[in-house]
Amino acid sequence: MTVMEKTLKGSLLNSLRSKKILVGLVIVTVFVFTGLTAPYIAPHDPNKQSLRDANLPPAWVEGGNPSYLMGTDSLGRDIFSRLLHGASVALYVAATATFLTGVVGTILGIAAGYIRGKIDELLMRVVDIWMSFPPVILAIALISLLGTGINNVILAIAVVDWTRFTRVVRSEVLAVREKDFVASARAAGFSTNYIIWREIFPNILPTIIVLATLEMGIAVSVEVLLSFVGLGVKPTTPSWGTMISDGLSYLRTSPTMLMFPLLTTMVVVLSLNLLGDGIREKIDPKLEVFR
Amino acid sequence: MPVTTYYLLKRVAQMAVALLGASFISFTLFRILPGDPVSLMVGPGVTEQYIAELRAYYRLDQPLVLQYFYWLIDLLTLNLGKSFRYGVDVAPLILERLPATLELVFVTLVIGVSLGISTGVAAAVKRRIDSILQSISLAGLAIPHFLWALILVVLFAAILRVFPASGRIDLGLEIPRVTGFYLVDSILAGNAEAFISSLQHILLPSISLAIGMMTLIQRTLRSSMIDVLNEDYIFTDRMKGHSETYIVFVRALKNALMPVITITGVQFAFLMGGSTVVEKIFGWPGIGNLLFTAVQYRDYTLVQGILMVYALIVIVTNFIVDILYTYINPKVEFK
Amino acid sequence: MAKLLKVQDLTISFQQNEVVKNVSFEVERGEILGLVGQSGAGKSMTGRAIIRLLPSSAHVSGRIIFKEHDLLTLKEKEMRKIRGKEITMIQQDPVASLNPAFKVRDQITDIMKLHLKIDNKEAVNRAKNLLNEVGIPNPEKVLLKYPHQLSGGLCQRVAIAIAFACNPSLVIADEPTTALDVITQGMVVNLMKKMQQQFNTSIIFITHNLALAANICSRIAVMNDGQLLETITSKNILTESSHPYTRILLSSLPTLRRGSENT
C-alpha cells in the first residue's frame, strides 16, 4: 500500500501543474466554501421580500443600493444573498447525489465486472433498457410522481445517472482484473472480498474520483434544470434554477437578474468538469467517461 | 448483403423486448406511488363516486399482473388512454405535437453532424485549428443544453435581437399542414416568407441542442482521424500518388467515421431529453412541452404515453444506427 | 546505359539524430538491388526517402536522381505524378497495407484511373488480368472482397498487383516477406522475379535476410547503423565481400546457397 501512497503524493504535486486542475480546483473550492458558509456570510435573508426595494440594479450601476450588491429581484430579495444560498443548495444536492450514485454505481460496477456471469448479463440488459429513456425525461417523470423538493431531486439524479457510473466502473474493473497482480492474488488463494477491496478497488479509485467530480457537475446542472422548470426545490428555497427562471421574465428590463445566476451556474459546472477532466488526463488520457 | 433477414428479425425481437422493458418501467412508475394515485390526480371537492369510477377506469382494483396485462394490450392496439386534462385520447394528442419535436431533432442532427464532422476533420488535419478547438470543446461538452439555450436566447434574442425567442413561426403566417414539418410544408405551399420565418425560429433551439453533440462528434472524429491517417493503408494510398484531399475525405474519412456513428447513436437519447427543456424555454409546441403541462396537471396517462413515445423513438433510432453501422464497417457482419 | 536511379550522399535525420548517413548507391534498369541490414539500419528510411514519403519531421539532404531528375527538388504536385506511376512501394504487413473499408477492386482500379487515362470498365478488366498475373485464381471473386477476408499471402499478391499496375520503372519492396510464413515467402519471391522479368522493372528489395536477398537480387547493398558499407554481387557474395560486418552477417546464417540459381 505504501507504493500507492507514494504515487498518490507524487501525483498530487504533479496535478497542480495542470492548468485545468488548478483553475477547476480554485473555483470548486470557492464554490464549496461558499456553499458551506452561505448562511453566515450572506448579507441578507434570501427570502426576505421588500417591495420597496424591488428590481434594483447592481450596486455599481446608477440607481443601485450598496447594501444590495447585485441588485434585487422582483420581490425585493437580495440577489447576492440568494446566489450564495443557491450555492448551498447546489452543493448539498451535488454532494449527496454524487455519493448516492457513486456508491450504487461502484458496487454494481464491481459486481458486474468482477463476478461476471449471469449477474453481469442481467445488469447490462437493465442498463441498456434504462439508458433508452432520455435521462431528462425520466427525471421529470420521476419528479412528477414523487413530488418536488430537494431530496426528490437528489433521488431523481441518482435514479437517472447510476447507469453511466456503473458502466464505466464495470469496464475499468474488467481491465484491472486481467492484470497480473490480481491473477497472482487469486492463485495465492485470497478471498474474493479481499481481492476486490484490497487489489481492485484501489486501482479503480482514480477513475471513481474522476467520475464523481464529473457527476457533481451533472448533479448541479440537473438541480438547476429542474428548479428552472419548476420541478426542483420548493419555492421557498433559493436555487440558481429558480433565479434563472425568474430572471428570464425580466430579460429586457433587468438582464442582470438572469445573468448572475446563469453565469454562476456556467462557471461552477465548467469548473467541476475542468477539474474532472484534468484529473482524467493525469491518470489515463484515453479514459472514456462521457456518455 | 451485410444484414441477413435472420438478423433483422432478431433485432426486431430485441426491440420488442426493449419496448416491453420500457413499458414495464412506465407502468411501475405510475403505480409505486405511496397513497392512492387517483386522488392525487383530482382536486378537492370531487365526489366519491367519481373517484370510484376513475379507479375502475384505471383498473386499480385489479391484481397488478392483470393491470400490466391490460396495459400491454392497450399499447399494442395503440390505445394510450384518455388524457385527464384535455379529455381527448392521448394518442392523437401526442401525434399532433410530434412533428414539431421531430423537426427540431432532425434539424439539430443536421447541424450537429455536419459541423461536428467538418470541425473534426479540420482539427485532425490542421494543428492551429486543433489547438483552438481543444480549449473551447470542454465548454461545449460540460455546459448542458438548457444553459446553452439560455445563453443563446440572451445573446441573440435579447441583446442582438436577430432571432426570435420563442414559437415556431411568426404570428399570422399560416401554412396548410401536410407533413407537420413547417420547413417542408412551407416549401410545398410555395410560401417563402413562411419558410424563412420557420427557419429563423428553429435555429436557436436546434443550435443549443446541437452544440453538445457537435463537440462530441468533433472530438471523437479528430482522434479517430489522426489514428487512421497514421495507418499503413493510408501510406499505400499516398504511395499511389493520390492528393491529400482525396485521401482525407474519401479514403480516411470512411474508416474514421465508424466510432462517430456509434457515439451519435448513444447521443440520440440525450438529444431527446435535452429537447424537452429546450422546447419549454423556446415555447416550442412539441411533445416535450406537452410533457411539462401533463406533469404540471398530474395527467398521468398523458405522461405515460409521452414516455413510451420517447422510448420508442430512441429504441428505433438505435436500431437504425446499428444497421447503418454495418454498411459503413465491412468488418461487422450480422448473422 | 544511363542508370535508372542514383542516390548520392543521402542523409536523413530526426531532431539532430542521423538515421541515414551519406548513403550512395545506384540502380540499373531492370535489376533487382537488395538493401540488407538489421532492423534500425536505415533501409526502410532510405526506401521511403526515394518515394518521398518520410514523416514530416524528417530532415533530408543529398540527391536522389531518378531518370535525370533530382526527386528531392521536385514540387509535391510533380512528385505525386511519379508516385504510383514510376515508383511504387510494397509494405511489410500486407493486410494492414490495404484499406479495410474498400473492396479490393477499388484499391486496384483507383491507381490505374489516377495515372492512366482509362475508364472504370477498362480499369476493372486490367485489374482482373493483373490478379491473374500474380497468380490469384478467381479474380472476379477476389475483386469483390474486403482485405480482412483475405489471407496474408493473398493480400501481398494484391499489393504486388497494385505495385505493378501502372508498369512502374522502380518498385521498392520493404520487407515484403517478413510478415509471411516461409512457404508464402517463397511464393512472393518467385512472383516478384516473374513480374520483374515480365515488366522489366527495377526492384529495390529491402530485407534483413541476407539469404533471401542473395536468392532474388543481382546485387546487394549492405547497410548498418545508417551507413552503406559495401555493395556486392550476390553471385560472388562469399568471395567479394570484404567488409567485416558483411562477414558477420554471412557467418550468422545457418545455410547459404552458393551463387544464385533460377534467377
Side-chain angles (χ1 to χ4, degrees), chain A residues 19-20 24 125-126 128-147 159-160 214 217-218 220-222 224-226 228-231 241 244-245 247-248 251-252 255 258-259 261-263 265-267 269-274 276-278 285-286 288 290-291, chain B residues 17-22 24-26 29-30 32-33 37 40 138-139 141-147 150-151 153-154 157-159 165 212 216 219 223 263 266-277 280-281 288 291-292 294-296 298 300 303-304 306-307 310-315 318:
Chain A
K19 254 183 270 181
K20 278 189 188 174
R125 295 256 80 202
V126 170
D128 281 336
I129 295 182
W130 207 278
M131 287 187 109
S132 63
F133 274 109
V136 173
I137 295 170
L138 198 56
I140 293 173
L142 219 64
I143 296 284
S144 76
L145 292 164
L146 299 170
V159 166
V160 167
L214 295 172
I218 293 176
V220 172
S221 303
V222 174
V224 174
L225 168 67
L226 286 174
F228 173 75
V229 294
L231 291 174
I244 294 177
S245 169
L248 198 56
L251 186 55
R252 299 278 158 96
L258 167 64
M259 306 222 21
L262 181 60
L263 283 170
T265 314
M266 267 179 65
V267 167
V269 169
L270 250 177
S271 314
L272 281 165
N273 272 278
L274 268 175
D277 207 39
K286 285 239 164 193
E288 279 299 320
F290 275 117
R291 288 114 212 240
Chain B
V17 169
L19 276 173
L20 206 72
F24 183 71
I25 294 181
S26 284
L29 276 181
F30 183 19
I32 57 169
L33 264 184
L40 275 163
L138 191 63
L141 282 174
I143 299 179
H145 301 121
F146 81 103
L147 283 183
L150 290 168
I151 297 169
V153 163
V154 170
I159 298 183
L216 199 57
R219 268 193 172 193
S223 128
I263 290 269
V266 172
Q267 271 283 287
F268 195 75
F270 283 89
L271 202 63
M272 294 260 66
S275 70
T276 326
V277 186
K280 181 152 212 278
I281 296 178
L291 180 64
F292 281 110
V295 165
Q296 195 181 352
R298 314 293 204 122
Y300 288 120
V303 171
Q304 254 179 299
I306 297 180
L307 268 186
Y310 271 116
L312 179 70
I313 295 178
V314 172
I315 290 173
N318 282 338

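What's counted below: heavy atoms across the whole structure, side chains too, no hydrogens, waters or symmetry copies. Every chain is numbered from 1, with letters handed out A, B, ... down the list of sequences.
- Two residues are said to be in side-chain contact when any heavy atoms from C-beta on lie closer than 4.5 Å; Phe146(B) and Val136(A) fail this criterion.
- Here the side chains of Val314(B) and Pro134(A) are in contact, with some heavy-atom distance below 4.5 Å.
- Nearest heavy atom pair, residue Leu270(A) against residue Ala139(B), reads CD2-CA, 3.8 Å.
- Residue contact with chain B, scored on non-hydrogen atoms closer than 4.5 Å, involves the side chain of Ile244(A) exclusively.
- If you measure heavy-atom distances from Val224(A) to chain B, the contacts under 4.5 Å come from both the backbone and the side chain.
- Note that CE of Met266(A) and CG of Leu147(B) are 7.5 Å apart. Values are rounded to the nearest 0.5 Å.
- Comparing Val222(A), Val269(A), Ile140(A), Thr265(A) by how many heavy-atom pairs each has under 4.5 Å with chain B, the most go to Ile140(A).
- Between Leu138(B) atom CG and Asn273(A) atom CG the span is 5.5 Å, to the nearest 0.5 Å.
- Only the side chain of Leu231(A) comes within less than 4.5 Å of a heavy atom of chain B; its backbone N, CA, C and O stay farther away.
- Using a 4.5 Å cut-off between heavy atoms, Ile151(B) touches chain A through backbone and side chain atoms alike.
- Note that CG of Leu262(A) and CD1 of Ile143(B) are 9.0 Å apart. Values are rounded to the nearest 0.5 Å.
- Summarising the geometry, atom CD1 belonging to Ile137(A) is positioned 9.0 Å from atom CD1 belonging to Ile306(B); distances are rounded to the nearest 0.5 Å.
- In this structure, no portion of Leu263(A) lies under 4.5 Å from any heavy atom of chain B.
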